[in-house]
Every structure is written in C-alpha cells, then in structure tokens.
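Written below as structure tokens is the structure these notes are about.
Remember, predicted model here, so these are calculated numbers, not experimental data. FYI, side chains are in, hydrogens and waters are out, and symmetry mates aren't considered; it's all heavy atoms of this structure.
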Amino acid sequence: MSPLAIGAIVCAVTILILMSGAPVAFALGIVSIGFLLIFDGYGSLQFVAETFYSSLEDFTLVSIPMFILMGAAVASSRAGNDLYEALERWLYRVPAGLLVSNLGACAIFAALSGSSPATCAAIGKMGIPEMRRRGYPPDLATGAIAAGGTLGILIPPSVTLILYGVVTETSIARLFIAGLLPGLMLTALFVAWSILITWYSGRRFVDPNTRYSWRQRFTILPRVLPFLAIVAGVLYVLYGGVATPSEAAGVGALLCIVMVMVIYRMWRPEGLWRILRDSMRESVMILMIIGTSVLFSYMLSSLYVAQSLAEWIAALEVNRWVLMFWVNIFLLVCGFFLPPAAIILMTAPTLMPIILNAGFDPIWFAIVLTINMEIGLITPPVGLNLYVINGIAPDIRLQTILWGALPFMLCMVVGIVLLCVFPEIATWLPEYLMGPGF
C-alpha cells in the first residue's frame with residue numbers, strides 16, 4: 001500500500017473517531033498507536049512514551065499554563081463587565097455605539113485572556129441582553145459577540161501562536177508582534193460592518209434616556225487600566241527582549257491574580273481555587289493534545305505519509321498562490337471539525353516545508369492560519385463560540401446566531417485576502433522592531 005493511501009485511511013479513521021465524541025488527545029493517541037502497531041509491529045511501541053514525553057520537554061511550554069492562568073484570573077472577575085461598561089460610557093452616543101463597545105471590549109478582553117470562549121462568555125453575558133433591550137436584532141447582537149470572541153486567539157498574548165512557535169521553531173515574540181496589526185485590522189473590519197449595517201437599517205440604536213457624566217466616564221477607568229497596563233507590560237518585555245515568553249507569562253499571571261484580589265476583593269480560598277482549577281484543567285488538556293499530536297506526527301513520518309504528501313504537493317506545477325488557496329481551503333475544512341490547538345499541532349509540521357518551499361514567510365503564514373482557525377470557531381459542527389453564545393442566550397436559535405456571525409466570517413475572509421495582497425500587515429512590525437528573521 002502506498003504512503004498516500006495509508007494517509008487517506010489515517011485521515012478517515014481519525015475523523016470517525018473524533019466525530020464519535022472522543023477527546024481530541026485520546027483520539028490522536030489511539031490512532032497513532034493503532035497504526036504504528038498495524039504497520040510497524042510491536043517494536044514501534046518502545047518509541048511511544050519517549051516521543052510523548054520529549055514533546056513536553058520544551059521550557060517554552062511553561063508559558064502556556066501561565067498565560068491560561070492569567071486569562072482565568074481575569075475571566076473569573078468582573079473585568080469583562082467593567083471593560084464593557086467603560087467603553088459603553090465613552091461610545092454611547094456613536095451610531096451603533098453599543099455594538100462597537102462590545103467589539104472593542106472583546107478585542108481588549110482577548111488580549112487579557114487569550115481565550116475565545118472566555119471572551120464570548122465575559123462580554124456576552126452583559127452585552128447581549130443590553131443590545132437586545134435597545135432593539136438590536138438578535139442575529140446581529142449574538143453574531144457580533146461570537147465573532148469578536150475569536151480575536152482571543154489572534155491578538156497577543158495568544159496560546160495558539162505559542163503552539164505554532166513551539167511546533168515550527170519560530171520566534172514567539174515575533175509571532176506576538178505579527179498578530180497585533182492583523183488583530184486590529186479584523187477589529188476595524190468588524191466595527192466597519194457593524195456601523196454600515198446599522199446605517200443601512202436607518203436606525204442609530206441610541207437610547208435617548210441614557211446619559212453619562214464625565215465623572216461617570218472617568219470613575220470606571222481605575223478598574224480597567226491596571227489590567228491593560230499588565231498586558232502592555234508583558235508585551236513590552238517580550239518585544240524588548242527583556243524576558244523570555246515563559247518569564248513574562250509567569251509575572252503576568254501573578255500580577256493578574258494580585259489585581260483581581262485587590263480590585264475585586266477575591267480573597268476567599270474558593271475563588272482562588274476556582275481560578276487554579278480552571279486553568280489547570282485547560283492547561284492539561286492542551287498539553288495532552290501537544291503530546292499526542294507529536295506522536296501523531298511521528299506516526300505519519302514513520303509511515304512516510306508526511307514526506308510523500310509534501311513531495312506530491314511540491315511536484316505540482318501550480319502557481320504558489322493557487323497552492324496557498326488550497327491550503328486555506330484545507331485549513332477551513334479542518335476548522336469545521338477540530339479545535340485550533342489540534343489543527344496547528346497536527347498540520348503545521350507537514351505544511352511548514354511546503355510553505356517554505358513555496359517562498360512564503362512562516363510568520364505571515366501563522367497569522368493566515370490563525371484567522372482560518374478563527375473562522376472555524378464560529379462554524380458548525382464544532383463552532384465552540386456558537387455554543388457559548390447559545391448558552392448565554394438559550395432563547396435564540398443556534399441557526400440565528402450562525403446567520404448573524406456569517407457577515408463577520410466574510411470580514412475574516414477579506415482580512416485573509418488583504419494579508420495576501422499586503423503581507424506587510426503581518427511582517428512589517430516584527431521586522432521593524434526586531435530586524436529580519438524568523
């Protein structure tokens with residue numbers, strides 16, 4: 001049997017096991033060990049434990065639970081509500097100001113938490129009921145929050161970009177810098193669409209009875225600015241080469257815990273335990289996926305599937321942008337069924353040689369890949385953000401939320417096209433601050 005035929009069988013079996021509802025980490029582990037046994041025999045099992053544990057040796061991986069802890073501390077407090085209220089007080093007179101405020105709060109909270117579901121939950125719990133009270137259509141109110149939540153995996157610090165950096169041996173600091181301008185670009189596209197659709201409907205969605213004094217606008221800032229200062233400080237020490245990602249993440253996590261204790265009076269042990277429990281659960285899940293995905297990649301390499309696929313694609317005499325088009329289609333399809341972490345860990349080792357041979361910048365490709373993953377977060381059947389929003393507003397049908405998110409998906413596609421036409425959106429800032437390189 002040819003390696004490509006084996007690869008097709010591996011792909012089909014993996015999809016079937018994942019669709020059965022098995023956890024991603026266990027599904028990848030079962031497929032990897034099963035195919036190694038079938039094609040390489042029992043002798044191949046001696047490399048399973050070594051491959052799994054060696055994948056977790058990288059000290060950079062310490063930054064993942066630290067950034068998750070940082071996000072869990074913020075998500076467990078009222079920081080999301082305060083961000084929303086602060087922006088709403090400053091933008092309440094702008095047409096569609098409440099919608100713009102929610103999108104802005106999503107972008108800022110994404111930088112604080114690095115988690116898309118946490119961003120949806122934190123901003124949506126307060127934003128969606130208020131938007132519906134003011135007459136916003138249910139699809140627009142829910143779709144905007146679902147799309148705004150996806151910014152959590154793009155705007156730094158981002159766990160997704162850390163995983164990409166670890167797998168592809170790319171500078172995490174450069175990846176974080178590269179995600180900044182595209183993240184702002186997507187936020188601007190979301191805001192532009194929101195204002196456009198509001199203007200087209202002929203309504204401003206401004207509550208004439210709402211008034212905020214200058215005192216009310218400024219009194220909420222002390223509860224918001226310390227967290228923004230932490231994010232700015234973490235990014236500064238990373239960009240300036242002052243600290244490694246792991247060191248910066250550790251300090252950021254500690255400061256966030258101190259801030260929620262001081263600002264929101266979260267002194268009780270049960271509150272701190274909830275933060276540690278949630279961050280531990282998510283960290284173990286991601287690290288398990290890392291270990292089994294490396295084992296999955298080892299299996300594909302051992303059976304010569306990855307090499308054969310790379311050789312087959314390299315032999316295609318097509319324009320490199322045609323190649324990139326099909327890579328994007330492949331990533332979009334993967335996003336329909338798998339979470340971002342699993343997709344990056346499974347596909348990046350195979351795609352990276354293809355991308356480099358085609359002459360594409362790996363930093364630029366990381367941003368394109370991440371935006372594809374964002375689209376996957378608001379498309380069924382996985383569509384995690386859709387289910388989070390449905391849990392917040394259970395009276396709104398999932399189909400309505402999906403239709404509301406569709407225009408924002410198109411905004412993301414426009415963002416990918418803009419990155420293809422103007423790759424400097426992702427590459428200029430890293431090169432300007434850190435010089436050329438990966």
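Of all heavy-atom pairs spanning Ala393 and Arg132, the tightest one is CB-NH1, 4.3 Å. Counting all heavy atoms, side chain and backbone alike, Ser283 lies closest to Ile68 at OG-CD1, 3.7 Å. Pairing each heavy atom of Phe296 with each of Val31, the nearest pair is CE1-CG1, 3.8 Å. Met352 and Tyr164 make their closest contact through CE-OH, 2.9 Å (heavy atoms, listed as atom of the first residue, atom of the second, distance). The minimum heavy-atom distance linking Ala73 with Val260 is given by the pair O-CG1, 3.3 Å. The two residues Cys120 and Val388 come nearest to each other via the heavy atoms CB-CG1, 3.8 Å.
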Please assess Leu28 against Ile17 for the test side-chain contact (heavy atoms from CB on, under 4.5 Å), listing each intermediate value before the final yes or no. CA-CA 9 Å; Leu28 294 179; Ile17 295 179; over 6 Å; no

Does Trp428 form a side-chain contact (heavy atoms from CB on, under 4.5 Å) with Phe422? I'd like the steps, not just the answer. CA-CA 10 Å; Trp428 172 77; Phe422 306 105; over 6 Å; no

Mind running side-chain contact (heavy atoms from CB on, under 4.5 Å) on Leu161 and Ile172 for me, showing each step along the way? CA-CA 7 Å; Leu161 292 178; Ile172 293 174; over 6 Å; no

Can you list the steps and then say if Phe47 with Met299 is a side-chain contact (heavy atoms from CB on, under 4.5 Å)? CA-CA 10 Å; Phe47 301 106; Met299 178 268 295; over 6 Å; no

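Interatomic distance, OG1 of Thr170 versus CG of Asp361, reported as 9.0 Å (0.5 Å rounding). Expressed to the nearest 0.5 Å, how far CG of Leu181 lies from CG of Leu186 amounts to 11.5 Å. For the atom pair CG of Leu163 and CD1 of Ile344, the computed distance is 6.0 Å after rounding to the nearest 0.5 Å. A distance of 12.5 Å separates CZ in Arg277 from CD in Glu282, rounded to the nearest 0.5 Å. For the atom pair Ile416 CD1 and Ile367 CD1, the distance stands at 11.5 Å (nearest 0.5 Å). The structure places SG of Cys11 at 14.0 Å from CD1 of Ile6, a figure rounded to the nearest 0.5 Å.
Put simply, the side chain of Tyr136 does not reach to within 4.5 Å of the side chain of Ile128, judged on heavy atoms. The shortest distance between side-chain heavy atoms of Asn385 and Ile401 does not fall below 4.5 Å. By the 4.5 Å heavy-atom criterion applied to side chains, Leu331 and Val327 are counted as neighbours. Taking 4.5 Å as the limit, every side-chain heavy atom of Pro362 sits out of range of all side-chain heavy atoms of Ile355. The closest side-chain heavy-atom distance from Leu410 to Trp193 is not below 4.5 Å. Contact annotation: the side chain of Trp321 approaches that of Cys420 to within less than 4.5 Å [non-hydrogen atoms, C-beta and beyond]. In this structure, Tyr432 and Ile177 have side chains that are not in contact, with every pair of non-hydrogen atoms separated by 4.5 Å or more. At a threshold of 4.5 Å between non-hydrogen side-chain atoms, the residues Pro182 and Leu419 count as touching.
Between Phe67 and Phe176, the ring planes lie perpendicular to each other; the angle is over 60°, past the 30° to 60° tilted range. Below 30°, between 30° and 60°, or above 60°: for Phe190 and Phe408 the angle between ring planes is above 60°, a perpendicular geometry.
Listed for the Thr379 side chain is a donor-acceptor partner under 3.5 Å among the backbone atoms of Ile375. Between the side chain of Trp364 and the backbone N or O of Ala178 there is no donor-acceptor pair closer than 3.5 Å. A donor-acceptor pair under 3.5 Å is absent between the side-chain atoms of Arg174 and the main chain of Ile363, judged by distance alone. A donor-acceptor pair under 3.5 Å is absent between the side-chain atoms of Asn390 and the main chain of Leu386, judged by distance alone. At distances below 3.5 Å, not a single donor-acceptor pair connects side-chain atoms of Thr400 with backbone N or O atoms of Ile396.
The number of heavy-atom neighbours closer than 6.0 Å to CZ of Phe39, taken from other residues, nucleotides and ligands shown, is above 12.
Residue Glu374 forms a side chain to side chain contact (heavy atoms under 4.5 Å, CB included) with just one option from Asn372, Ile371, Ile378, and that option is Ile371.
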Could you tabulate the donor-acceptor pairs under 3.5 Å formed by side-chain atoms of residues 138-154, not counting sequence neighbours?
{"residue": "Thr142", "atom": "OG1", "partner": "Pro138", "partner atom": "O", "Å": "2.7"}
{"residue": "Thr142", "atom": "OG1", "partner": "Asp139", "partner atom": "O", "Å": "3.4"}
{"residue": "Thr150", "atom": "OG1", "partner": "Ala147", "partner atom": "O", "Å": "2.5"}

